[in-house]
There are 2 protein chains.
Amino acid sequence: MSLGTVSNVLNNPEVVALPTRQRVLEAIDRTGFVRSTAAHQLRVGKSRTVGVVLLDIANPFFAEMVRGAEGVLRDNGYVLMVCSTDESIERERRYLRVLEEHRVDGLLITPVEHDLREVAELAGRGIPTVLLDRDGGEQELCSATVDDIRGGELAAGHLFELGHQAIAFVNGPSSIRQCADRREGAQRALRRARRRSPATLREMTVNALSVDQGEKAAIGLLSLTPRPSAVMCANDQLALGVLKSLSEAGVAVPDEMAVVGYDDVSFASMLSPALTSVRQPKYELGAIAAELLLEEALGSNHKHRSVRFEPELVVRASSGATRRGAGRAGQPRPVP
Amino acid sequence: MSLGTVSNVLNNPEVVALPTRQRVLEAIDRTGFVRSTAAHQLRVGKSRTVGVVLLDIANPFFAEMVRGAEGVLRDNGYVLMVCSTDESIERERRYLRVLEEHRVDGLLITPVEHDLREVAELAGRGIPTVLLDRDGGEQELCSATVDDIRGGELAAGHLFELGHQAIAFVNGPSSIRQCADRREGAQRALRRARRRSPATLREMTVNALSVDQGEKAAIGLLSLTPRPSAVMCANDQLALGVLKSLSEAGVAVPDEMAVVGYDDVSFASMLSPALTSVRQPKYELGAIAAELLLEEALGSNHKHRSVRFEPELVVRASSGATRRGAGRAGQPRPVP
DNA sequence: CCGGAGAAATGAATCGTTTCAAATAAGGCG
DNA sequence: CGCCTTATTTGAAACGATTCATTTCTCCGG
C-alpha cells in the first residue's frame, strides 16, 4: 500500500485491483484522510478555483450574476473566490494580485476602470478571463453583456406605442456606459415614433441613480410645459423616487402619468402600482460567463467570444398598458 | 542568488543585505514572478482562505453579512470562498468537503440543518468555525447572532405603546427559529402591556414569508372581530403583501391600521407609507463573526464566544408613531 | 598575518500529491 | 516446470516555497 497506489485509488480506481482498492478506502476513512488541494495543485497545476471580481456583492445585480456563475462552476468542481472592489482600483489590483498568487483557474470580472489594459495583460499571462457586464472594447477578451441600447429602446418604444407623444427620460450621467447606451436606445425609439406622429423625448440628467434624485427630477418634470404624459427612468431607484413624488403631488399613475423603470429589481412588482420595467437576465448572464470561462479554460483552441443578451420588457400597471391596450403600435391615442 | 535568499527577500527582508535584496527584487519583476500560494500553503500550512457557507448569496441579508466579513478578512490577507447551499444538506456537505480539501483557515457558516453535529465535528478537526446568525446550542462553537426575541418584543412593544390594544401578528411557521423567537418576544411585550390595560395578540400563521402570503393574511385579518388596529409581520415581504391588500381594500395606513415589518430591507424606507421595521445589523454581524474567526485562528488559547446583537426599531410612517406620539408608553389612547 | 565573531548566502530537506519507469506478481502455454 | 505476457504495485522524482543547519565572506583585534 504505497502512496502511488493510494493516489490511483482516488484518481484511477479502475487501475487498482478490487481488494487493494477496498483496503485503501477503508484505511482512508478510518484515518479521516482528506486530500490536499494545495499539493494537488502544485503537482497538476489546477487550483479548482475561480476568482470573481465585482463592484459589490451586496448589490443584488451582482449577487444574482454570481449565483448564475456559481451554479455552473460548482457542477464542474470549482469554488468561487468572491471579491468586492467598491470601485476602488487599488483594491481591484490587490485582489487580482492575490488571485494570481492563488493561481485561479479562471477569472470573472467587472473591472472598475474603463481602460482594460491591466485586465487584458492578466489574461495574456494565461488566466482565462471573462468580462461580466462589460464588453471587451479593443481588447481580445470574452464577455457576457446585456444590450442596454436595446433596453432603452424597449422602454421608450413601449411608451410611444401606448400613444404618448411627450415623454421625459430621467437619466444618469452619460459617463456611465449603461446610461449612455439606454439614452441611445431611447433616441432610436424616438426616431421610429416620429415616422408616425410628432413625438418628443425630454431628457433630465441627474447625478446619481438614487431614490431622492428621482424625487427631485419628478418635481421638475411636473413643471415642464407641455407636461409630459409619461416618464422613463434609467433605473428602478429613480422610478421609485418619481412614483413617490407623483403620489405626493396627487398625480395619478398611470392615468395622468405613465412610468417605466429599468432593472426590474425584486420589489418592482410589489409596488402599487406595480412598476413596468426592463429586466436584465442576471442569472443567465453569470451562467453564460461561467460557461465561456470553462470553454476557455478547457478547450484547446479557444476563440474569444462575446455573448450579448436581450433585455426584456416586463409590463405592469405603472405604464397603463393594460388599460390602453399594450403593443397596439401605430395607433396613437390622445393622452388625457 | 539562491532560492533561500529569494524567499528571505520576500519574508524577512531585513535579514538580507541591501544590494542583494535589490538585485532579487529587480529580477522578480523582470521575470514577472508571482509566488504560489499553493506551495506556500504546503510548506507553512496556511491557505489564506476562509470558507463562507450560507443559504443564498443572492439574499441581501447574507450578502450584507458577507460584505461585513469580507472587510475585516481582506485586511488580514484572506480571500473568501463563497458557497450557497440553497438549504440543501447534500450541497452543504459537498461544499464543506471541498473547503476542507482546500484547507481553509476558517469557516463562517449558516448551517442548513438544526442539528449541528456535522459542523461541530468539522470544527473539532481543527478548522476554526463561527456560526452566522445561528447559535451553537449544545455545541461548543463561536457564533454571531441577532436577538430575535428582543426584535419581536421591540416590534410588538412599539405598537402596544402607541396605544393599540388588539394587534395581529402575521408569522411564519415556528419550525423556523427566527419566527419562533419573534413570537416569543411579541408575547413578552404582550404580557408587559397587559399590566397596564387589556391587550390581545392574535397570531396568524402563514406557511411562507412571501408577499402573497402577506396579502392573503391581510384579507383574513380584516374580517376578524374585533378588527385589530395594528399588525406586525415576521418580515418585510409579508408586510409588503399586507400593505398591498390594505391599500386595495381601502384601509388607510396607519390611521385605520398600523403596520410594522421586520428586517428593514432596502426598500422599506421607499414605500409609501414608509415601513416601520426592525433592523438587523447585518454588516456588523459579518464583521464580528470574522473577528471571532481571526481570534480563534490566531489566538493561542481561544475560548469560544458568542456575540449577540441587539436589533433596532426603525420607526417610520406606517406605524403612525409620529402622529400618535411615539414612545409615550403607558398612555394608551383609543384607536379610531 | 592569523584567528575568531558576526553577517550573509547557500543548499538540502520538507510539505502532500501525481506520474511514470521499473519491479513484482500472477497466469497461460508449450 | 520454466518462459513470456499482462496485471498490479512500488518508489523515486517533481511541483514551488520555506526553513535551518552549514558554509562563506568580512572585518577587527591581537
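Scope of the values below: all heavy atoms of this structure, side chains included, with no hydrogens, waters or symmetry mates. Order of the sequence lines fixes the chain letters, A, B, ..., with proteins taken first and strands second; residue numbering starts at 1 for each chain.
Side chain of B:Ser84 to main chain of B:Ile57: a donor-acceptor pair is present (N/O by atom type, distance under 3.5 Å, no hydrogens or angles).
Taking atom CZ of B:Arg103 as the reference point, atom P of C:dT17 lies 6 Å away to the nearest angstrom. Between B:Leu10 atom CG and D:dT19 atom P there is a gap of 12 Å when expressed in whole angstrom units. If you measure from atom CZ of B:Arg23 to atom P of C:dA8, you get 14 Å, rounded to the nearest angstrom. A straight line from CD of B:Gln41 to P of C:dT17 spans 11 Å, rounded to a whole angstrom. Atom pair B:Glu101:CD and C:dT17:P shows a separation of 10 Å (rounding to whole Å applied). Per the geometry, NE2 belonging to A:His40 stands 12 Å off C1' belonging to C:dG16, to the nearest Å. In this structure, B:Leu18 places its CG atom 10 Å from P of C:dA8, rounding to the nearest Å. Straight-line distance from the CG atom of B:Asn12 to the P atom of C:dA8: 13 Å, rounded to whole Å.
An OP1 or OP2 oxygen of C:dT18 is reached within less than 4.0 angstrom by no side-chain nitrogen or oxygen of A:Asn8. Proximity of A:Ser7 to the phosphate of C:dT17: no side-chain N or O atom is located under 4.0 Å from OP1 or OP2.
Looking at heavy atoms from C-beta onward, A:Leu96 lies out of side-chain contact with A:Arg93 at the 4.5 angstrom threshold.
Looking at A:Arg177 and A:Asp148, a side-chain N of the basic residue comes within less than 4.0 Å of a carboxylate O on the acidic one, giving a salt bridge.
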Worksheet item: Where do B:Asp263 and B:Gln280 land on the side-chain hydrogen bond (donor to acceptor under 3.5 Å, both in side chains) test, with the steps shown first?
Response: CA-CA 6 Å; B:Asp263 276 351; B:Gln280 318 205 50; 3.0 Å; yes
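Among the nucleotides C:dT17, D:dT18, D:dA17, the one closest to any side-chain atom of B:Asn11 is D:dT18. Of the candidates D:dT18, D:dT8, C:dT17, C:dT17 carries the atom nearest the A:Leu3 side chain, counting heavy atoms from C-beta on. Distances were taken from every side-chain heavy atom of B:Ser36 (C-beta onward) to each of D:dG16, D:dT18, C:dA9; the shortest belongs to D:dG16.
Within a 6.0 Å radius of CD in B:Glu26, more than 12 heavy atoms belonging to other residues, nucleotides or ligands are found.
In this view, B:Arg74 satisfies the side chain to side chain donor-acceptor pair (under 3.5 Å) rule with no residue, not counting sequence neighbours. In terms of the side chain to side chain donor-acceptor pair (under 3.5 Å) criterion, A:Arg21 has no residue partners (sequence neighbours excluded).
When heavy atoms are screened at a 4.0 angstrom cut-off, B:Val24 is found touching no nucleic acid atom at all. If you check every strand for non-hydrogen atoms under 4.0 Å, B:Val6 touches nothing. Within the nucleic acid shown, B:Thr5 comes within 4.0 Å of at least one base atom, counting heavy atoms only.
When each of A:Glu14 and A:Gly4 is assigned the nucleotide of DNA chain D bearing its nearest heavy atom, the one mapping closer to the 5' terminus is A:Glu14. Checking A:Ala17 against B:Ala39, the closest nucleotide of DNA chain D that is more toward the 5' end is the one next to A:Ala17.
Remark: A:Leu42, A:Arg43 in residues 42-51 of chain A come within less than 4.0 Å of DNA chain D through at least one heavy atom.
The NE2 atom of A:His102 sits 4.5 Å away from the CE atom of A:Met81 when rounded to the nearest 0.5 Å.
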